[in-house]
Enquirer: 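Sharing a structure with you now.
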Amino acid sequence: MLEYKLIRSKRRKTLALQVKHGQVTVRAPHYVTSAFIDTFIQEKSAWLRSKLAEQQKTPDYCDFSQGSNLLYLGEKVILNICIAKKSEVYFSHLVIAEIEPKNYQEITTKQLNVAISEKIHSRLINPLAISKQIKKQLEVYFKQQAEQLFSERLERISKQISLCPTAINIRQYRARWGSCNNRGEVNFNYLLMMTPLTVIDYVIVHELCHLEHLNHSKEFWHLVEKFCPNYDIAKKWLNTYQSQLQWQNPH
């Protein structure tokens with residue numbers, strides 16, 4: 001039997017499985033028995049083992065170290081850490097040369113540079129402290145970029161579908177990409193900046209449709225499909241890359 005973390009909820013009506021960072025999590029209604037959950041895990045064991053094996057091959061999340069990979073708008077970028085006069089985060093292009101017998105090829109890839117100021121770097125006593133500082137600067141950068149991008153796209157989409165929120169909030173969430181409340185406020189996870197624009201648009205449409213249906217009824221999904229016909233492709237992308245879309249604390 002595979003080991004798993006169990007999270008029960010009185011509001012949940014269905015069983016859900018998640019494999020993230022080598023950990024299997026089961027989210028279940030409070031009334032579902034442990035025996036039923038064990039049977040469910042056993043039935044899904046082949047799929048769970050394949051997902052765990054995929055994640056063990058290579059680290060599929062950013063560990064905030066030099067040269068690690070990170071997704072930005074759906075593209076894989078390389079993290080470059082440097083020391084400079086002032087702290088900043090910016091993109092550049094990195095040219096990688098591949099030399100083989102009778103063949104020379106240059107590949108250009110995006111590089112996300114995290115510059116730590118000399119003053120701050122002098123206070124960082126070990127690699128863990130440096131990783132924490134990198135994560136902090138990236139969080140600020142991603143939030144700033146999300147505030148600008150999401151506001152622009154939400155304004156355009158809300159006009160197209162005639163559903164306008166009372167307010168928009170952007171922050172980081174542990175296990176959700178967005179939310180909507182009964183006050184008409186919509187909230188978005190700035191880590192959506194790691195996903196393609198088509199996925200960002202789907203999440204915006206999803207939350208705006210909650211202004212009409214504050215649930216996940218058939219009527220809600222019909223409305224989502226009306227404004228985002230290929231929403232299932234966006235959902236599949238999120239499911240495929242879910243393990244790369246969360247940031248762990250450096251350790």
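Position 1 is the first residue of the sequence; numbering continues from there.
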Enquirer: Supply the atom-to-atom distance Leu214 CG to Glu212 CD, rounded to the nearest 0.5 angstrom.
Expert: 11.0 Å
Enquirer: Decide side-chain contact (heavy atoms from CB on, under 4.5 Å) for Val26 and Ile7; before the verdict, give the C-alpha distance in whole Å, the side-chain angles of both, and the deciding distance to 0.1 Å.
Expert: CA-CA 6 Å; Val26 181; Ile7 301 175; over 6 Å; no
Enquirer: Can you check whether Gly178's main-chain N or O pairs, donor with acceptor, with Arg176's side chain at less than 3.5 Å?
Expert: no
Enquirer: When clusters are formed by joining ILVMFWY residues with side-chain heavy atoms under 4.5 Å apart, either directly or through shared neighbours, do Leu197 and Leu154 land in the same one?
Expert: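 Same cluster.
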Enquirer: Over 60° means perpendicular and under 30° means parallel, so classify the ring planes of Trp221 and His206, tilted if in between.
Expert: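 Geometry flag for Trp221 against His206: perpendicular rings.
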Enquirer: State, with a plain yes or no, whether a side-chain heavy atom of Leu245 is found less than 4.5 Å away from one of Leu191.
Expert: no
Enquirer: Using a 4.5 Å cut-off on heavy atoms from C-beta on, say whether the side chain of Phe220 contacts that of Val224.
Expert: yes
Enquirer: Would a hydrophobic clustering, with Ile, Leu, Val, Met, Phe, Trp and Tyr connected at side-chain separations under 4.5 Å, put Leu6 with Val24?
Expert: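 Yes, Leu6 connects to Val24 through the hydrophobic network.
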Enquirer: With a 4.5 Å limit on heavy-atom distance, are the side chains of Leu17 and Ile41 in contact?
Expert: yes
Enquirer: What distance separates Lys119 NZ from Lys86 NZ, expressed to the nearest 0.5 Å?
Expert: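 It is 15.5 Å, given to the nearest 0.5 Å.
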Enquirer: Do Gln242 and Gln18 have side chains that get closer than 4.5 Å, going by heavy atoms?
Expert: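 Side chain of Gln242 against side chain of Gln18, heavy atoms only: contact under 4.5 Å found.
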Enquirer: Does Ser151 use its side chain to pair, donor to acceptor, with the backbone of Gln148 at less than 3.5 Å?
Expert: no
Enquirer: Rounded at 0.5 Å granularity, tell me how far CE in Met193 sits from CZ in Phe188.
Expert: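 Atom-to-atom, Met193:CE and Phe188:CZ are 13.5 Å apart.
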Enquirer: Identify the two heavy atoms, one from Pro165 and one from Leu208, that lie closest to each other, and give their separation to 0.1 Å.
Expert: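 Reported closest heavy-atom pair: CD-CD2, 3.7 Å.
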Enquirer: Do any N or O atoms from the side chain of Gln137 and from the backbone of Ala115 form a donor-acceptor pair under 3.5 angstrom?
Expert: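 Side chain of Gln137 to backbone of Ala115, a donor-acceptor pair under 3.5 Å: yes, one is there.
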Enquirer: How close do Ser87 and Ile120 get, counting heavy atoms only, and between which atoms?
Expert: OG-CD1, 3.6 Å
Enquirer: Check this for me, if you would: do Lys159 and Glu155 make a salt bridge, where the nitrogen-to-carboxylate-oxygen distance has to be below 4.0 angstrom?
Expert: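 Salt bridge: yes.
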Enquirer: Lys135 and Glu139: salt bridge (Lys or Arg N to Asp or Glu O under 4.0 Å), yes or no, with the steps?
Expert: CA-CA 6 Å; Lys135 181 173 183 282; Glu139 287 173 336; 2.6 Å; yes
Enquirer: Indicate if Ile233 and Trp177 have the same hydrophobic cluster label, given that clusters are the connected sets of ILVMFWY residues with side-chain heavy-atom separations under 4.5 angstrom.
Expert: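 No.
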Enquirer: Is the closest side-chain heavy-atom distance between Val205 and Leu223 below 4.5 Å?
Expert: no
Enquirer: Is the count of non-hydrogen atoms from other residues, nucleotides or ligands lying under 6.0 Å from Tyr173 atom OH greater than 12?
Expert: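 Counting neighbours around OH of Tyr173, more than 12 heavy atoms of other residues, nucleotides or ligands fall under 6.0 Å, so yes.
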Enquirer: Within the 4.5 Å heavy-atom criterion, are Tyr141 and Val114 side-chain neighbours or not?
Expert: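 They are not in contact (no side-chain heavy atoms under 4.5 Å apart), so the answer is no.
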Enquirer: Do side-chain atoms of Ser9 reach the backbone of Arg27 as a donor and acceptor pair under 3.5 angstrom?
Expert: no
Enquirer: Are the side chains of Asp201 and Arg156 in contact, using a 4.5 Å heavy-atom criterion?
Expert: yes
Enquirer: Identify the heavy atoms of Tyr4 and Ser34 that sit nearest to each other, and give their distance.
Expert: OH-O, 4.5 Å
Enquirer: Report whether Phe91 and Leu70 are members of the same hydrophobic cluster (ILVMFWY, side-chain heavy atoms less than 4.5 Å apart, transitive linking).
Expert: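 Yes, same cluster.
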Enquirer: Which atom names give the shortest non-hydrogen contact between Cys209 and Leu163, and what distance separates them?
Expert: CA-CD1, 4.1 Å
Enquirer: Suppose we call two aromatic rings close when their centres sit under 6.0 Å apart. Are Tyr72 and Phe142 close by that rule?
Expert: yes
Enquirer: Among side-chain atoms of Asn187 and Glu185, is any donor-acceptor pair under 3.5 angstrom?
Expert: no
Enquirer: With under 30° as parallel and over 60° as perpendicular, where do the rings of Phe40 and Phe36 fit, or are they tilted in between?
Expert: parallel
Enquirer: Roughly how far, to the nearest 0.5 Å, is CG of Asn169 from CZ of Phe150?
Expert: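 Rounded to the nearest 0.5 Å, the CZ-CG separation comes to 13.0 Å.
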Enquirer: Rounded to the nearest 0.5 Å, what separation is found between the CG atom of Leu238 and the OH atom of Tyr202?
Expert: 7.5 Å
Enquirer: What closest approach, in Å, do Asn113 and Gln111 show between heavy atoms, and which atom pair accounts for it?
Expert: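 Nearest heavy atoms, Asn113 then Gln111: OD1-NE2, 3.0 Å.
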Enquirer: Step by step, would you call Leu211 with Cys180 a side-chain contact (heavy atoms from CB on, under 4.5 Å)?
Expert: CA-CA 7 Å; Leu211 296 173; Cys180 176; 3.6 Å; yes
Enquirer: Could you walk me through whether Gln172 and Asn189 satisfy the side chain to side chain donor-acceptor pair (under 3.5 Å) test, starting with their C-alpha distance in whole Å, then the side-chain angles of each, then the deciding distance to 0.1 Å, before giving a yes or no?
Expert: CA-CA 5 Å; Gln172 186 178 157; Asn189 188 337; 5.8 Å; no
Enquirer: Find out whether Thr195 and Val203 are in side-chain contact, i.e. whether some heavy atom of one side chain is under 4.5 Å from a heavy atom of the other.
Expert: no
Enquirer: Among Ile116, Ile81, Leu128, find the residue that satisfies the side chain to side chain contact (heavy atoms under 4.5 Å, CB included) test when tested with Gln133.
Expert: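 The option that passes is Ile116.
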Enquirer: Side-chain heavy atoms nearer than 4.5 Å, only ILVMFWY residues, links allowed to pass through others: does that put Leu15 and Tyr31 together?
Expert: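 Yes, same cluster.
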Enquirer: Apply the test side-chain contact (heavy atoms from CB on, under 4.5 Å) to residues Lys110 and Ile78: give CA-CA distance (whole Å), side-chain angles for both, the deciding distance (0.1 Å), then the verdict.
Expert: CA-CA 7 Å; Lys110 277 188 177 181; Ile78 296 175; over 6 Å; no
Enquirer: Let's go through Asp38 and Gln42 carefully: what are the C-alpha distance in whole Å and the side-chain angles of both, what is the deciding distance for side-chain contact (heavy atoms from CB on, under 4.5 Å) to 0.1 Å, and is it a yes or a no?
Expert: CA-CA 6 Å; Asp38 286 345; Gln42 190 65 34; over 6 Å; no
Enquirer: Where is the tightest heavy-atom contact between Asn215 and Ser217, given as atom of each residue plus distance?
Expert: OD1-OG, 2.8 Å
Enquirer: Once you round to the nearest 0.5 Å, how far does OG of Ser65 lie from CD1 of Ile130?
Expert: 11.5 Å
Enquirer: Test your reading of the model: is there a side-chain donor-acceptor pair from Ser68 to the backbone of Leu79, 3.5 Å cut-off?
Expert: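 Here the side-chain-to-backbone pair does not exist.
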